[in-house]
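Note that the coordinates shown come from a computational prediction; the quantities given were computed from them, not determined experimentally.
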Amino acid sequence: MEVVNNQSLQYKTDNLIITMGNDFNYQNAHVWFKNLDKLIKYVNAKQTNGSKINLFYSTPSCYLNALHQANASWPTKDDDFFPYASGEHTVWSGYYTSRPALKRMEREASAFLLTCKQIDALAQLGPADQHEVSALRDAVSVAQHHDAVTGTERQHVADDYALRLDRGVKECQETVVDGINRISNVTKPLQFEFCDLLNISICSITENSKEVALVLWNPLSRTLNHYVQLPVVDGDYDITGPGGTKIPFQITPLPKHTLLLPGRLSNATHEILFRAKLPPLGYTAYNLKKLAKGGVSLAGHTSILRKRASGFADDDFVIKNEFLALTFDQSSGSLKYLTNLETNTTISISQTFAYYVGSVGNNTKEPLRASGAYIFRPNCTGAGPDCSRPLEGNGTYEIVKGPLVQEVRQYICAWVSQVIRLHATSKKVHFEWQVGPIPVGDGIGKEIVSRFSTNLKSGTEFFTDSNGRQNIKRRRNFRPSFNLNLTEPISSNFYPVVDRIFIQDETAGSQLTILTDRAQAGSSLLEGQIELMVHRRLLVDDWLGVSEPLNEPGLGEGLVVRGSHHLIFTNIAKSPRRHRLASHDLYWHPALLLLPVSSTTSQADLNRITQSAYSGLSVDLPVNIHILSIEQWKGSSLIVRLEHFFEKDEDPVLSQPAVVNLKDILRDFVITSVREMTLDGNVALTDVHRLQWSKVDQEDYGTLGTDASKIHRIPHDIGTTFTLNPMEIRTFQIEIGPSL
């Protein structure tokens with residue numbers, strides 16, 4: 001009762017919510033509810049002695065309705081709550097990066113689930129395939145648990161999540177194969193396969209087959225130009241597209257750090273790269289064929305120059321395409337300058353790796369808090385990156401130049417390496433890093449960051465995304481809705497980066513954006529700088545529930561993690577278009593199916609797939625619209641979710657409302673009815689009556705998203721035609737008749 005009375009002092013009305021729940025508790029419902037019944041009975045009995053407390057079971061909906069009936073005015077909060085802190089040295093910014101391999105696996109599975117549901121719906125597959133879709137849907141859903149994708153579980157539990165995701169992906173792969181076969185109208189199903197280890201350049205099909213049919217499914221609702229990279233053995237090859245068109249390609253030896261990956265068992269010594277053009281919500285097929293030695297093909301010539309620090313002149317070298325130029329130091333192989341050739345703008349830039357030493361302690365009091373799965377607490381007292389220890393390379397690097405891609409391969413140390421890659425037609429720079437096994441023989445836990453340092457005048461501000469959608473303005477050593485008592489100056493300035501982080505120089509009108517391939521911790525600790533934490537290996541638990549150190553064993557010596565950062569440098573006005581479209585290209589990347597071609601393969605069925613392309617759309621949808629999901633629903637209905645993925649006033653064109661006709665999405669179906677639903681698809685939108693709240697006038701922090709009440713909806717909703725406004729998601733249940 002004392003707790004309730006104290007809590008009432010912080011609440012605006014007489015309605016208080018007493019929450020139930022805790023880790024490792026409430027496993028015996030009978031015991032808990034029996035005791036809660038007693039608690040309610042005896043607390044309410046105190047009313048005869050003047051107590052004002054009336055305790056009863058309730059729900060969030062009932063509680064919210066009671067607040068609404070109180071007719072109070074409420075303050076609003078537009079910023080978020082990150083980073084959490086439960087003590088002066090207990091800042092919860094470590095889990096943004098913890099278990100980076102699992103975070104990547106979850107993202108890959110989530111993206112593949114979209115493809116799986118699309119193909120299942122467009123091919124109108126049966127219950128067996130829908131069961132397979134559910135297997136991956138369930139695995140991805142379970143992996144969203146707050147102690148799953150966060151990396152705050154024990155190692156054997158993380159292994160179980162990974163196993164479930166892997167099994168779910170494999171089940172959905174069967175659905176994708178069934179769907180492609182049905183869509184292409186083959187007479188006998190073709191036995192497509194998948195290469196699940198392309199991230200470490202392993203694919204037994206391309207390594208060992210003389211001829212392979214490649215089918216690439218584009219889940220985006222617009223045409224996509226995509227670079228395909230496959231591991232092969234050295235030799236002569238030929239690639240053809242639809243109609244037998246010869247496709248230019250490039251063959252390059254694999255980097256030595258890839259060849260030496262722990263546990264990598266592969267015949268591949270090279271990688272083959274070509275550019276594929278894919279229709280929206282559909283596929284294009286290509287044919288990869290190994291030729292006899294000396295065969296004629298359109299293979300691009302690749303030159304590799306190996307450099308070491310000593311013995312070379314201190315001159316710069318450049319890799320560039322028509323959009324970007326990167327200048328490197330000759331002696332070290334380090335990046336020095338970046339030029340946007342479209343705007344003729346150059347900045348000085350370096351990219352380096354460093355590590356923070358993780359604090360150790362017995363966690364019995366705040367000054368003894370350890371860095372662990374939840375907590376990031378570097379063992380230093382400074383307020384900037386000087387707290388970290390640089391990982392300096394020995395100047396060993398390789399330059400790879402070819403017609404489709406140019407690379408600088410940097411060998412930083414025995415356990416850190418990187419490829420900086422610039423594709424011929426790309427407007428972004430690809431940083432492919434490899435970190436691990438992190439050495440801990442010295443008894444020191446390490447937290448590795450990739451740091452980009454520039455001469456941009458960004459002040460104290462930087463921006464991170466909110467779940468890949470809105471951008472949130474951050475300010476170093478500051479919180480917009482309360483006064484910050486800064487006791488951990490490093491970890492208190494790290495925020496979750498799900499998709500992107502960027503800085504702006506408003507005077508120069510320039511923006512530098514980094515896109516990630518998984519959730520990571522990110523910050524800007526100094527002006528003109530961005531750093532992202534890519535890997536962690538710690539030797540002490542932080543005592544917040546895991547009960548074991550974050551020390552992933554990998555294959556025994558420690559976990560090796562590979563990943564990518566994509567850098568975009570352009571003016572502020574063009575940046576939203578660049579980074580939002582690039583983000584979708586990377587997240588919703590094409591799915592690759594492979595078919596080893598042999599004498600038993602039906603040539604007629606193979607031609608049905610390889611001689612033409614397929615699209616489920618009549619036309620490309622507006623560039624700012626994405627089909628968030630399309631899936632079979634109840635009976636003969638489909639659920640289609642559309643999102644407008646630009647923010648209001650972000651781009652003069654793409655931040656405008658967009659009009660979509662559902663017939664363009666379901667061109668092969670007869671639409672008999674359309675009903676708009678809530679986001680989950682369970683309730684018709686006409687049956688939803690949202691509560692209206694009175695707001696207290698206060699400072700508008702204006703850091704997150706778009707106020708829906710300020711959006712004017714253009715009345716274009718007629719029949720199957722609908723309008724989407726910036727950052728809006730709309731869900732439709734569509735009844736379909738027989739296919740056209």
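- At a cut-off of 3.5 Å, with distance as the only test, a side-chain donor of Asp147 or Tyr374 sits close to an acceptor on the other residue.
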ask   = Could you go step by step and tell me if Arg409 and Ser417 meet the side chain to side chain contact (heavy atoms under 4.5 Å, CB included) rule?
value = CA-CA 8 Å; Arg409 299 172 175 180; Ser417 54; over 6 Å; no
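- Judged by distance alone, the side chain of Glu527 and the main-chain N or O of Gly459 form a donor-acceptor pair under 3.5 Å.
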message = One pair to check against side-chain hydrogen bond (donor to acceptor under 3.5 Å, both in side chains): Gln529 and Ser453. What are the steps and the verdict?
response = CA-CA 4 Å; Gln529 189 179 89; Ser453 302; 3.2 Å; yes
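- Crowding of Phe323 atom CZ: a count of heavy atoms from other residues, nucleotides or ligands under 6.0 Å exceeding 12.
- The two residues Lys103 and Val149 have their closest heavy-atom pair at NZ-O, 3.0 Å.
- Within the 4.5 Å cutoff, the side chain of Arg389 has heavy atoms near those of the Ile444 side chain.
- Contact of the Leu102 side chain with the Glu552 side chain is not registered, since no non-hydrogen atoms from C-beta on lie closer than 4.5 Å.
- Taking a 6.0 Å sphere around CD of Glu88, one finds it holds more than 12 heavy atoms contributed by other residues, nucleotides or ligands.
- No donor-acceptor contact under 3.5 angstrom links the side chains of Thr487 and His89, judged on distance only.
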task = Please report the C-alpha distance between Ser201 and Arg264 in whole Å, then the side-chain angles of each, then the deciding distance to 0.1 Å, and finally whether the side-chain hydrogen bond (donor to acceptor under 3.5 Å, both in side chains) criterion is met.
result = CA-CA 9 Å; Ser201 298; Arg264 182 180 182 272; 5.1 Å; no
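- Between Phe494 and Phe376, the ring centre distance stays below 6.0 Å.
- Between the side chain of Ser93 and the backbone N or O of Ser491, at least one donor-acceptor pair lies under 3.5 Å.
- Between the Thr454 side chain and the Gly528 main chain, a donor and an acceptor come within less than 3.5 Å of each other.
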request  = Tell me, with the steps shown, if Phe645 and Leu581 meet side chain to side chain contact (heavy atoms under 4.5 Å, CB included).
outcome  = CA-CA 9 Å; Phe645 57 92; Leu581 295 179; 3.8 Å; yes
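- At distances below 3.5 Å, at least one donor-acceptor pair connects side-chain atoms of Asn321 with backbone N or O atoms of Ser426.
- At distances below 3.5 Å, not a single donor-acceptor pair connects side-chain atoms of Arg537 with backbone N or O atoms of Pro437.
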message = Go through it in stages, so that I can follow the logic: the residues are Tyr397 and Glu407, the test is side-chain hydrogen bond (donor to acceptor under 3.5 Å, both in side chains), and I'd like the CA-CA distance, side-chain angles, deciding distance and then a yes or no.
response = CA-CA 10 Å; Tyr397 63 94; Glu407 299 176 349; over 6 Å; no
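- Across Leu456 and Ser510, no two heavy atoms sit closer than the pair CD2-CB, 4.0 Å.
- Using cut-offs of 30° and 60° on the angle between ring planes, the pair Phe82 and Tyr96 is perpendicular.
- The shortest non-hydrogen separation linking Gly333 to Gln410 is O-NE2, 2.8 Å.
- Heavy-atom contacts from other residues, nucleotides or ligands closer than 6.0 Å to CG of Asp442 number more than 12.
- Of all heavy-atom pairs between Val546 and Ala373, the closest is CG2-CB, 4.0 Å.
- Glu366 has a carboxylate O that lies under 4.0 Å from a charged side-chain N of Arg369, or vice versa, which qualifies the two as a salt bridge.
- Between the side chain of Thr345 and the backbone N or O of Thr343 there is at least one donor-acceptor pair closer than 3.5 Å.
- Pairing each heavy atom of Pro231 with each of Leu198, the nearest pair is CD-CD2, 3.5 Å.
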task = Could you please spell out the steps behind the side chain to side chain contact (heavy atoms under 4.5 Å, CB included) verdict for Leu515 and Ile568?
result = CA-CA 8 Å; Leu515 301 177; Ile568 298 172; 4.0 Å; yes
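- A donor-acceptor pair under 3.5 Å links the side-chain atoms of Asn493 to the main chain of Pro489, judged by distance alone.
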message = Assess the residue pair Arg518 and Met105 against the criterion (side chain to side chain contact (heavy atoms under 4.5 Å, CB included)); give the C-alpha distance rounded to whole Å, side-chain angles, the decisive distance to 0.1 Å, and a yes or no.
response = CA-CA 9 Å; Arg518 71 201 74 192; Met105 188 176 187; over 6 Å; no
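- Side chain of Gln504 to main chain of Ile572: no donor-acceptor pair is present (N/O by atom type, distance under 3.5 Å, no hydrogens or angles).
- For the 3.5 Å distance criterion, the side chains of Thr507 and Lys457 fail to qualify, holding no donor opposite an acceptor.
- With contacts defined as side-chain heavy-atom distances shorter than 4.5 Å, the pair Glu447/Arg377 does not qualify.
- Relative ring orientation between Trp415 and Tyr355 is described as tilted, the plane-to-plane angle lying within the 30° to 60° band.
- The residue from Thr258, Asp517, Asn199 that alone fulfils the side-chain hydrogen bond (donor to acceptor under 3.5 Å, both in side chains) condition with Arg562 is Thr258.
- Judged purely by atom type and a 3.5 angstrom limit, Thr516 uses its side chain to pair as donor or acceptor with the backbone of Val498.
- Side-chain contact between Tyr227 and Val405: absent, with no pair of heavy atoms (C-beta onward) separated by less than 4.5 Å.
- With hydrogens and angles disregarded, no donor-acceptor distance shorter than 3.5 Å links the side chain of Thr570 to the backbone of Ser575.
- In this structure, Phe569 has its ring center at least 6.0 angstrom away from the ring center of Phe452.
- With 3.5 Å as the limit, one finds a donor-acceptor pair spanning the side chains of Thr464 and Arg474.
- In the displayed structure, Arg164 atom CZ is contacted under 6.0 Å by at most 12 heavy atoms of other residues, nucleotides or ligands.
- Each of His535, Gln418, Arg451 was compared with Phe353 under the side-chain contact (heavy atoms from CB on, under 4.5 Å) criterion, and only Gln418 meets it.
- In this structure, a donor-acceptor pair under 3.5 Å is present between the side chains of Arg536 and Ser98.
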